[in-house]
There are 2 protein chains.
Amino acid sequence: MQATAPTLMQDCSDCPIRHRAVCARCESDELERLEQIKYYRSFEAGQTVVWAGDKMDFVGSVVSGIASLTQTMEDGRTQMVGLLLPSDFVGRPGREGAAYDVVATTDIVMCCFRKKPFESLMERTPHIAHRLLEMTLDELDAAREWMLVLGRKTAREKIASLLSIIARRDATLNATANSGEVVFDLPLTREAMADYLGLTLETVSRQISALKRDGVIHLEGKRHVTVPSVRRLIEEAGDDSDGGFLV
Amino acid sequence: MQATAPTLMQDCSDCPIRHRAVCARCESDELERLEQIKYYRSFEAGQTVVWAGDKMDFVGSVVSGIASLTQTMEDGRTQMVGLLLPSDFVGRPGREGAAYDVVATTDIVMCCFRKKPFESLMERTPHIAHRLLEMTLDELDAAREWMLVLGRKTAREKIASLLSIIARRDATLNATANSGEVVFDLPLTREAMADYLGLTLETVSRQISALKRDGVIHLEGKRHVTVPSVRRLIEEAGDDSDGGFLV
DNA sequence: TCCAAACCTTGATCTGGGTCAAAGAAACGG
DNA sequence: CCGTTTCTTTGACCCAGATCAAGGTTTGGA
């Protein structure tokens, strides 16, 4: 669905880096310089963007589609450690290799900058460094919140937490925030959800069935979800911290 | 043990902010400005430095002792989301409230800067912003690595992972990196370890006993640990990523 | 020196979620 | 339109770790 063809946008007025990483406070000549070093890449669902440990010579943000950050043990156990939705930034200025695999979950288009020029631009443009610090702090908060999910929540709460996050992101993007009902398409397979939640795919499937049975969500097909009451969903997630969303 | 009395160091030559946050690349007049806005605070074991959600009007780093970052659910389940060892930085420039409780695990002394002046110093001093970005990226990496521990490792592997981290930090600080044997004092109670690892304290106790029985570690009293072979410990942690340590 | 409060260990038992297995849906290429 | 592949659901059973319970050990104050 997010599988936008790799249309090379020429003007990039909707390029997320513009309003998220570089942001409002930028001078127009800074934007100009960014435009000059910008390029697009696209990947098909399942493709690996970078492997953990490999040199990552670019930074960028997701334009369309969904990518995931994944850590793997030798014996094959994997844990997804982050989800990149459209407009999310990935990259580690000042750091060499990738710390985790970046994998395209759906077909994706990314807006990239080669690292060297981006870094030197950062040197000259405090606003960019500043904005990146803010974004990184936010990611750190999100990661730490997720640690609570992984360490202490039950399977049912985990599923509800994930659905809350997706619902929130989706509602923000689509401004569907009305009656408390939210509708969206799950961008992840049951297996990907399991990897994100530290569960098995069977447990994910069972708990989704249970939430459906209990009327917390409604499913059409495997992926199309209707949440009649977001408040109820957030209660199921056992959560404080999802606060701020629709309350 | 880390319970240094709140000796107000006048010259601060060993103040961690100097070499970690502000770092080598700073000009001496930047250091000068930092000195001017610096102050010390100390807390007793068990005291809460800030509550989640409260306004946090300072940033700082730990001089001595250990603090922990903790998230709590309404029903009392808690998850430790970070550990602050001496020289670690805490604070969120550009962000208002704390995202988690900061609690003194042992008696601690912190070196602080009021946020406002620190932020305005940051504006004028790109190196500081830059260093903070690097530190935050490192913390994010650590948090994501920990997500793998929480989501996918067994209780035994979790314990071994935690011991590896403490051993590594301790070895780095004390330069004990010799024969592969490392000796240190556990700075955490069994309960605190459980909160960090997403386990119960009983399970922690049992697994520590098991590691002792299997000769992976040796215990003297409840807290004094000898690790005869760090390599072995890292194997028990099931880990790749602890690489770089003593190999 | 003794008592009380923290901490820690160990045992018995229970259970949420994992594992193994089989069979439905959807999607897809030919 | 059909066979194959990929994804999902559901069932039966099992086990790692939680829970409940009871003692030990250490620390510290009076």
Side-chain angles (χ1 to χ4, degrees), chain A residues 1 3 44-46 73 75-79 105-107 149-163 185-214 217-225 236 238, chain B residues 1 3 44-46 73 75-79 105-107 149-163 185-214 217-225 236 238:
Chain A
M1 68 230 62
E44 291 180 9
M73 295 174 66
D75 63 7
R77 280 177 280 176
T78 72
Q79 174 67 48
T105 294
T106 64
D107 292 353
V149 173
L150 290 175
R152 293 300 184 193
K153 291 195 177 178
T154 65
R156 173 183 260 243
E157 289 168 335
K158 285 178 174 183
I159 299 286
S161 299
L162 178 56
L163 293 178
D185 283 307
L186 273 176
L188 303 174
T189 65
R190 300 291 184 263
E191 187 179 25
M193 289 192 244
D195 281 345
Y196 200 29
L197 296 167
L199 298 170
T200 58
L201 67 89
E202 292 94 331
T203 299
V204 170
S205 181
R206 272 187 257 272
Q207 295 298 336
I208 287 181
S209 298
L211 287 175
K212 190 169 64 176
R213 191 180 328 112
D214 300 346
I217 60 173
H218 189 270
L219 265 191
E220 203 166 328
K222 313 298 179 197
R223 302 292 193 88
H224 192 73
V225 180
E236 289 286 349
Chain B
M1 65 227 68
E44 291 180 10
M73 294 173 66
D75 63 7
R77 280 177 280 176
T78 72
Q79 174 67 50
T105 294
T106 64
D107 292 353
V149 173
L150 290 175
R152 293 300 185 191
K153 290 194 178 179
T154 64
R156 173 184 262 243
E157 289 168 335
K158 285 178 175 184
I159 299 286
S161 299
L162 178 56
L163 294 178
D185 283 308
L186 273 177
L188 302 174
T189 65
R190 301 289 185 262
E191 187 180 24
M193 289 192 246
D195 280 345
Y196 200 27
L197 296 167
L199 298 171
T200 60
L201 68 88
E202 293 94 330
T203 298
V204 170
S205 181
R206 272 187 256 272
Q207 295 299 334
I208 287 181
S209 299
L211 288 174
K212 190 169 64 176
R213 190 181 327 111
D214 300 346
I217 61 174
H218 188 270
L219 265 190
E220 203 166 329
K222 313 300 179 197
R223 301 291 193 88
H224 192 73
V225 180
E236 290 285 349

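The sequence lines fix the lettering, A, B, ..., with proteins before strands; numbering per chain opens at 1.
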Legend entry - A:His224: partners by side chain to side chain contact (heavy atoms under 4.5 Å, CB included), with sequence neighbours left out: A:Val183, A:Asp185, A:Glu220
Inset, instruction - Apply side chain to side chain contact (heavy atoms under 4.5 Å, CB included) to A:Glu157 and list each qualifying residue two or more places apart in sequence or on a separate chain. - result: A:Lys153, A:Thr154, B:Met73, B:Arg77
Can you check nucleotides 7-9 of chain D for protein contacts, nitrogen or oxygen pairs under 3.5 Å, and list what you find?
from	atom 1	to	atom 2	distance (Å)
D:dT8	OP1	A:Arg223	NE	3.1
D:dT8	OP2	A:Arg190	N	2.8
D:dT9	OP1	A:Arg190	NH2	3.2
D:dT9	OP2	A:Arg190	NE	2.6
D:dT9	OP2	A:Ser205	OG	2.8
D:dT9	O5'	A:Ser205	OG	3.2

Legend entry - Between OH on residue A:Tyr196 and NZ on residue A:Lys158, distance to nearest 0.5 Å: 12.5 Å
Inset, instruction - Scan for salt bridge (Lys or Arg N to Asp or Glu O under 4.0 Å) pairs involving residues 191-201 of chain A, sequence neighbours excluded, and state none if there are none. - result: A:Asp195-B:Arg152
Legend entry - Closest non-hydrogen atom pair, B:Asp107 against B:Ala45: OD1-N, 2.6 Å
Inset, instruction - Not counting sequence neighbours, which residues clear side chain to side chain donor-acceptor pair (under 3.5 Å) with A:Thr200? List them please. - result: A:Thr203
Inset, instruction - Report yes if some heavy atom in the side chain of A:Leu163 is under 4.5 Å from a heavy atom in the side chain of A:Leu211; otherwise report no. - result: yes
Legend entry - A:Leu211 CG - D:dT10 P separation (whole Å): 13 Å
Inset, instruction - Decide yes or no for A:Leu150 and A:Gln79: does some side-chain heavy atom of the first lie under 4.5 Å from some side-chain heavy atom of the second? - result: yes
Inset, instruction - Indicate, with a heavy-atom threshold strictly under 4.0 Å, whether A:Gly198 touches base, sugar-phosphate, or nothing. - result: sugar-phosphate
Inset, instruction - Kindly indicate whether the side chain of B:Leu199, heavy atoms from C-beta on, has any atom under 4.5 Å from the side chain of B:Met193. - result: no
Legend entry - Nucleotides bounding contact with chain A, strand DNA chain C, heavy-atom threshold 4.0 Å: C:dG17 to C:dC20
Legend entry - d(CZ, B:Arg156; P, D:dA16) in whole Å: 12 Å
Legend entry - Minimal non-hydrogen separation, B:Val225 against B:Leu186, with atom names: CG2-CG, 3.8 Å
Inset, instruction - Could you check how far CD1 of B:Ile159 sits from C1' of D:dA16, rounded to whole Å? - result: 14 Å
Legend entry - Degree of bending, the helix from C:dT1-D:dA30 to C:dG30-D:dC1 (end axes from five pairs; round to 10°): 40°
Legend entry - All side chain to side chain contact (heavy atoms under 4.5 Å, CB included) counterparts of A:Ala210, not counting sequence neighbours: A:Arg156, A:Gln207, A:Arg213
Inset, instruction - Would you kindly give the CZ-to-P distance between B:Arg152 and D:dG17, to the nearest whole Å? - result: 14 Å
